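Below is one structure, written out as structure tokens, with a few remarks after it.
Counting starts at 1 for both ligands and their atoms, in listed order. No hydrogens, no waters, no symmetry mates; every other heavy atom, side chains included, goes into these values. Note that the structure is predicted; figures quoted are calculated from it, not measured.
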Amino acid sequence: MFGRTQEDAVGEDIGIIIPERLAVSHADLFSHAFLRSDMHPFELAGVRANGQEFPAELSLAPWGTTLPHVGFAAIIRDISKRIALKRQRESAKNFLDTVVRNLPAMLFVKDAETREYIWINRAGEQVIGLPADKIIGRTDRELFRDYGAAYEQRDTDAIASPDDVRFESEFVRDDGEVMHLRTTRTMIDGPDQPRQYILGISEDVTATRLAESKVRRLAHYDTLTGVLNRSSFNEKLRRLVEREAKFALLSVDLDRFKAVNDQLGHTGGDTVLAAVADRLVDAVGDAGWIARVGGDEFVAVLTCERLRECAQEIAHAITISLAKRFTTDKGVAHLGASVGIVLSPEDGSSASELRENVDLALYRAKQQGKGNACFFNSEIEAAADDRRKLEKDLRAAIKAGDITLAYQPVVMANTGKITSLEALARWTAPVRGQVPPDIFIPLAEECGLIDQLGEQLLRMACIYASTLPDSICVAVNLSPLQFLPGNLVETVREAVEIAGIRPDRLQVEVTEGLVIRDVDRTFYQLAELRELGVKILMDDFGVGYSSLSYFQRFPFDKVKLDKSFIEAIEVSAAAQGIVQAVIGLGKALDMGIVAEGVETPEQRDILVEAGCTHLQGYLFGCAMTPEEIRRLLTDPINTDLRTGSLFSFYGNIS
Ligand code: C2E
Ligand code: CA
Ligand code: CA
């Protein structure tokens with residue numbers, strides 16, 4: 001052990017096995033050692049012959065009784081290995097302690113009998129909001145006045161259960177913050193008895209639960225406005241109907257929202273929508289709830305007493321509230337709303353029937369002017385029935401090719417000669433007789449028939465043009481919806497080819513309404529049509545959504561001044577001013593200006609004077625059958641054109 005032989009050691013001072021630095025203190029120790037008989041083994045450092053120190057355990061026993069032969073016997077053990085092992089164990093324990101202390105989950109140990117905490121880690125301190133020394137030695141009842149008993153009950157359950165017990169609960173911290181904890185309790189054996197301790201591990205699942213509830217919210221609520229979304233509305237409505245509940249369904253449609261969106265931009269529009277939802281929630285109060293079911297469409301479901309009166313009052317409150325201005329940081333907006341109302345169960349036996357009828361009521365409300373509310377009633381129902389019948393008849397008429405075209409002449413302003421014919425759709429329905437295009441064209445648009453009808457009429461007009469003198473063009477009205485499918489250009493090309501006419505004999509009339517839908521796509525198709533050689537006319541200019549910038553984007557061949565201006569031109573300075581301005585614009589941009597709806601010689605004179613290039617109206621002829629037009633063209637002496645005041649105005653037009 002010391003690296004010395006017996007011969008080397010015997011007779012030497014004990015100092016040779018003790019490190020020099022400890023010589024003094026050890027000498028002291030040894031000199032007193034023999035006086036004591038009860039010494040326990042103790043540890044000290046030894047030194048080997050080569051100078052290497054090592055830990056040793058020393059047991060001393062006095063030896064001999066009388067001086068000078070008094071000494072001691074020593075048993076020395078090299079305990080390097082034992083010390084190393086101990087150190088290793090200690091560091092392993094420290095390491096584990098550190099791990100457990102710093103585990104992100106809360107860990108605690110309670111005594112199963114007293115229920116006192118006997119250990120808790122750092123996460124536990126944080127969750128409870130107290131340092132360990134304020135927790136250890138105390139029970140849940142002492143620590144948590146309101147919930148302590150409940151926590152203890154869970155411990156009791158765990159003690160009674162052969163398995164781990166898991167429990168998720170809300171935990172209200174000292175600072176009032178609510179956490180979701182998932183705690184697993186395991187019984188562990190102690191030194192004194194089995195199942196002496198309760199080991200608890202609590203995970204903080206607050207973030208997970210919050211995320212889950214957010215996902216749930218997202219699924220049910222509209223993110224922009226915070227009210228219910230479309231799918232939860234459908235679901236709730238379905239359940240109400242199933243239960244045969246009494247309720248009122250209000251459909252709220254915002255007037256002018258598109259214009260507001262254009263004016264304020266999308267973020268401004270969003271702000272307005274959120275404010276609309278707030279006002280609706282206010283208006284409804286606790287009488288029901290609100291959902292957003294489309295871009296600018298909201299519904300309210302009311303479940304109050306005296307349903308009809310309640311619905312009436314709330315609908316009124318809604319129209320008043322939404323008519324007030326909206327102030328956003330992008331500007332001020334003025335909306336207004338129309339409301340349709342149905343009552344369940346009397347106005348419909350299914351959710352879809354109720355929705356259909358509330359739409360009809362809303363439609364009627366809008367017809368009565370903006371800011372109105374309207375209940376569904378038998379009159380609306382009858383009108384809807386009628387419309388359904390009309391739709392059926394129209395479908396059949398289109399299929400059978402019963403829709404025909406009448407042609408209205410357009411004359412040159414300076415010569416009175418017919419330059420073109422506007423093709424206008426005509427329908428004589430089976431029972432009801434003549435249906436005006438103002439009725440059946442929008443109907444065809446609404447029920448998806450406009451493409452088929454539009455194509456039919458386009459071909460018909462081109463074929464008719466092929467039978468007319470080469471100098472006369474045919475103008476066909478296009479619905480904005482015909483630009484949507486994307487095959488319009490192809491359809492036009494085919495119609496022209498089949499008829500074998502020069503493409504520039506076909507004019508298409510488009511309204512401003514078309515341009516606001518999808519500006520780029522529309523202008524692209526217009527350019528393609530123009531490429532074919534077809535002439536493009538802007539119809540009904542000045543009413544609706546006029547923007548002069550369209551002329552910058554696309555060079556129209558002609559602009560048709562809406563007939564409302566012509567009608568007013570004799571009495572209204574404003575109408576005259578607008579007509580003048582448009583004519584000026586036409587000259588500047590090299591566009592022809594057509595005045596439509598010219599009925600009197602006075603109107604004609606003013607318009608010719610002002611500089612219109614073309615005129616159209618009953619003064620020169622109404623829409624006529626193809627045969628009538630043919631007669632007119634071949635026998636100019638007896639035509640309306642001649643007998644009309646045109647003749648005297650132009651003198652001899654032959
Ligand atoms: P629009 O394109 O503005 O057609 C002119 C309308 O004014 C025609 O009514 C025509 O008969 C009428 N009109 C012509 N001269 C006068 C006049 O001097 N005074 C008055 N007060 N009215 C006059 P119509 O035929 O009832 O057509 C109404 C609307 O229906 C048309 O307005 C057009 O928007 C639409 N429409 C007609 N045919 C078609 C078609 O084939 N396709 C499409 N997409 N729309 C059509
Ligand atoms: Ca037209
Ligand atoms: Ca027109």
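- Checking K563 against Q616 by side-chain atom types alone, no donor-acceptor pair falls below 3.5 Å.
- Taking the centre of each ring, F483 and F523 stay at or above the 6.0 Å mark.
- At a 4.0 Å cut-off, at least one heavy atom of R426 sits close enough to ligand 1 to count as contact.
- A donor atom on one side chain and an acceptor atom on the other are found under 3.5 Å apart for N234 and R355.
- Salt-bridge check for E490 with R493: passed, with a basic side-chain N closer than 4.0 Å to an acidic carboxylate O.
- Expressed to the nearest 0.5 Å, how far CG of L619 lies from CG of L607 amounts to 10.5 Å.
- Within the 4.0 Å cut-off (strictly below), no protein heavy atom is located near atom 34 (O) of ligand 1.
- For E509, no nitrogen or oxygen atom sits less than 3.5 Å from a nitrogen or oxygen atom of ligand 1, counting backbone and side chain alike.
- The closest side-chain donor-acceptor pair between T319 and N372, if any, does not fall under 3.5 angstrom.
- Within a 4.0 Å radius of atom 18 (O) of ligand 1, the protein contributes at least one heavy atom.
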In sequence, state the C-alpha distance, the side-chain angles, and the governing distance for T404 and W427, and then conclude on side chain to side chain contact (heavy atoms under 4.5 Å, CB included). CA-CA 6 Å; T404 58; W427 178 31; over 6 Å; no
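- Looking at D270 and T267, their side chains never bring a donor and an acceptor atom within 3.5 Å of each other.
- For ligand 1, the atoms sitting less than 4.0 Å from at least one non-hydrogen atom of D540 are 3 (O), numbered in the order shown with element in parentheses.
- For the pair E567 and ligand 1, no heavy-atom separation below 4.0 Å is found.
- Taking any N or O of P437, backbone or side chain, none lies under 3.5 Å from an N or O belonging to ligand 1.
- On a distance-only criterion, Q482 and ligand 1 share no N/O pair closer than 3.5 Å.
- Ordered by chain and number, E422 OE2, N477 OD1, E509 OE1, D539 OD2 make up the set of protein N, O or S atoms under 3.0 Å of the Ca ion (ligand 2).
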